[in-house]
Amino acid sequence: MIQSLLVVCVGNICRSPVGEALLKRAFPEKKIWSAGLGALEGHAADANAVAVAAKHGLDLSGHVAQQIQLWMCEQADLILVMESAHVQELSARYPLTRGKVHRVGEFCPPDAAEIPDPYRKSYETFEQTHQLIETGISHWIERIRVLS
């Protein structure tokens with residue numbers, strides 16, 4: 001049974017806050033949080049991420065970036081990341097994550113399986129990234145409902 005979910009990207013200001021918000025909307029009863037592999041600790045979500053998320057009915061205004069920690073990996077039943085490199089990095093840093101780390105886009109077509117970092121790019125890039133995350137998370141929501 002999946003009761004706790006961790007969403008991970010690099011800075012924890014662009015992609016993972018969106019994944020976290022989408023999962024929280026779908027599963028308000030579960031423990032869901034996000035973190036970064038190289039987090040911009042203490043920073044708010046990127047302004048473009050906030051604007052695009054708001055357009056899609058999500059509120060990222062209270063987000064504060066945090067660095068991934070061992071306890072997060074221990075507590076999470078499922079860890080969702082944005083890129084294959086993140087799976088490899090988490091497995092190397094925290095071997096206990098093997099088997100519970102998956103890409104957000106894992107069940108998407110190959111051209112949408114990797115979700116590139118929109119940091120310091122255009123609003124349109126953030127919109128495209130948001131769409132990829134939303135599509136990937138929607139597949140996970142279905143699977144989590146079956147497993148829960």
Side-chain angles (χ1 to χ4, degrees), residues 1-40 43 45-60 63 65-69 72-148:
M1 182 178 265
I2 297 173
Q3 290 300 320
S4 59
L5 298 103
L6 172 61
V7 186
V8 178
C9 67
V10 176
N12 191 220
I13 62 166
C14 297
R15 296 174 288 176
S16 56
V18 173
E20 176 187 4
L22 289 164
L23 287 166
K24 281 182 174 177
R25 182 167 67 189
F27 303 111
E29 75 286 0
K30 296 187 185 296
K31 168 109 174 94
I32 300 166
W33 69 105
S34 65
L37 294 165
L40 298 172
H43 285 75
D46 183 280
N48 279 329
V50 172
V52 172
K55 180 178 156 188
H56 293 271
L58 299 173
D59 182 8
L60 302 184
H63 178 76
Q66 61 182 345
Q67 180 65 29
I68 194 161
Q69 304 288 326
M72 296 174 184
C73 297
E74 290 172 339
Q75 286 188 14
D77 297 319
L78 175 64
I79 303 171
L80 296 175
V81 300
M82 303 295 154
E83 304 171 32
S84 297
H86 301 164
V87 175
Q88 295 164 353
E89 187 170 342
L90 271 176
S91 295
R93 275 195 210 181
Y94 307 110
L96 67 96
T97 63
R98 291 187 185 125
K100 64 178 175 179
V101 180
H102 300 274
R103 289 177 301 158
V104 167
E106 191 165 304
F107 301 106
C108 295
D111 64 335
E114 298 283 314
I115 301 173
D117 195 349
Y119 185 59
R120 294 191 173 171
K121 296 195 171 114
S122 70
Y123 179 88
E124 292 74 24
T125 301
F126 274 84
E127 181 66 54
Q128 292 165 353
T129 300
H130 185 97
Q131 292 296 335
L132 290 172
I133 295 168
E134 197 168 316
T135 300
I137 292 291
S138 70
H139 291 291
W140 278 105
I141 288 169
E142 291 174 30
R143 282 174 165 67
I144 292 164
R145 284 195 173 124
V146 168
L147 296 172
S148 296

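Excluded from the calculations below are hydrogen atoms, water molecules and symmetry mates; all remaining heavy atoms, backbone and side chain alike, are included. The structure displayed is predicted, hence computed values, not measured ones.
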Undergrad: Looking only at non-hydrogen atoms, find the nearest pair between Ala26 and Ile141 and report the distance.
TA: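 In this case the closest contact between Ala26 and Ile141 is CB-CD1, 3.5 Å.
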
Undergrad: Please find the pair of heavy atoms, one from Gly105 and one from Ile115, that lie closest to each other, and give the distance.
TA: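 Here Gly105 and Ile115 meet closest at N-CD1, 4.4 Å.
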
Undergrad: Apply the test side-chain contact (heavy atoms from CB on, under 4.5 Å) to residues Thr129 and Lys121: give CA-CA distance (whole Å), side-chain angles for both, the deciding distance (0.1 Å), then the verdict.
TA: CA-CA 11 Å; Thr129 300; Lys121 296 195 171 114; over 6 Å; no

Undergrad: Could you check Thr135 against Ser138 for side-chain hydrogen bond (donor to acceptor under 3.5 Å, both in side chains), going step by step and ending with a plain yes or no?
TA: CA-CA 5 Å; Thr135 300; Ser138 70; 5.5 Å; no

Undergrad: Closer than 3.5 angstrom, by distance alone: can the side chain of Lys30 be matched with the main-chain N or O of Ile2 as a donor-acceptor pair?
TA: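 It does hold such a pair.
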
Undergrad: Between Gln66 and Met72, is a side-chain contact (heavy atoms from CB on, under 4.5 Å) present by the stated rule, with each step listed?
TA: CA-CA 11 Å; Gln66 61 182 345; Met72 296 174 184; 3.5 Å; yes

Undergrad: Does any non-hydrogen side-chain atom of Ser34 lie less than 4.5 Å from one of His63?
TA: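 Heavy-atom side-chain distance check passes, below 4.5 Å.
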
Undergrad: Report yes if the side chains of Ile68 and Leu6 come closer than 4.5 Å at any heavy-atom pair, otherwise no.
TA: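 Ile68 vs Leu6: side chains touch.
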
Undergrad: Which pair of non-hydrogen atoms, one from Asn12 and one from Gly36, has the smallest distance, and what is that distance?
TA: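 Heavy atoms of Asn12 and Gly36 come nearest at CB-N, 3.5 Å.
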
Undergrad: Please check this pair: side chain of Asp46 against backbone of Ile13, looking for a donor-acceptor N/O pair closer than 3.5 Å.
TA: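 Such a contact is absent between Asp46 side chain and Ile13 backbone.
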
Undergrad: Apply the test side-chain hydrogen bond (donor to acceptor under 3.5 Å, both in side chains) to residues Glu127 and His56: give CA-CA distance (whole Å), side-chain angles for both, the deciding distance (0.1 Å), then the verdict.
TA: CA-CA 10 Å; Glu127 181 66 54; His56 293 271; 2.8 Å; yes

Undergrad: Please enumerate all residues that pass side-chain contact (heavy atoms from CB on, under 4.5 Å) together with His102, with sequence neighbours excluded.
TA: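 Counting only residues at least two positions away or on another chain, His102 forms a side-chain contact (heavy atoms from CB on, under 4.5 Å) with Leu78, Leu80, Glu106, Trp140.
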
Undergrad: Could you tell me which non-hydrogen atom of Gly136 sits nearest to which non-hydrogen atom of Cys108, and how far apart they are?
TA: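 Where Gly136 meets Cys108 most closely, the heavy atoms are CA-SG, 3.7 Å.
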
Undergrad: So Arg15 and Glu83, do their side chains get closer than 4.5 Å, heavy atoms only?
TA: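 Side chain of Glu83 against side chain of Arg15, heavy atoms only: contact under 4.5 Å found.
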
Undergrad: Tell me whether Ser4 contacts the main-chain N or O of Gln75 through its side chain, where contact means a donor paired with an acceptor under 3.5 Å.
TA: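 Present.
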
Undergrad: Any heavy-atom pair between the side chains of Leu5 and Ile144 that's under 4.5 Å?
TA: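 Touching, per the 4.5 Å side-chain cut-off.
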
Undergrad: How about Val7 and Met82: do any of their side-chain heavy atoms sit closer than 4.5 Å?
TA: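 Heavy-atom side-chain distance check passes, below 4.5 Å.
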
Undergrad: Taking salt bridge (Lys or Arg N to Asp or Glu O under 4.0 Å) as the test, write out the residues that go with Asp59, two or more places apart.
TA: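 Not a single residue meets the salt bridge (Lys or Arg N to Asp or Glu O under 4.0 Å) criterion with Asp59.
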
Undergrad: Which pairs of donor and acceptor atoms, one on a side chain in residues 87-99, lie under 3.5 Å apart (sequence neighbours left out)?
TA:
residue, atom, partner, partner atom, Å
Glu89, OE2, Arg93, NE, 3.3
Glu89, OE2, Arg93, NH2, 2.5
Ser91, OG, Val87, O, 3.0
Arg93, NH1, Leu37, O, 3.3
Arg93, NH2, Leu37, O, 2.8
Thr97, OG1, Leu90, O, 3.4
Thr97, OG1, Tyr94, O, 2.8
Arg98, NH2, Ser91, O, 3.3

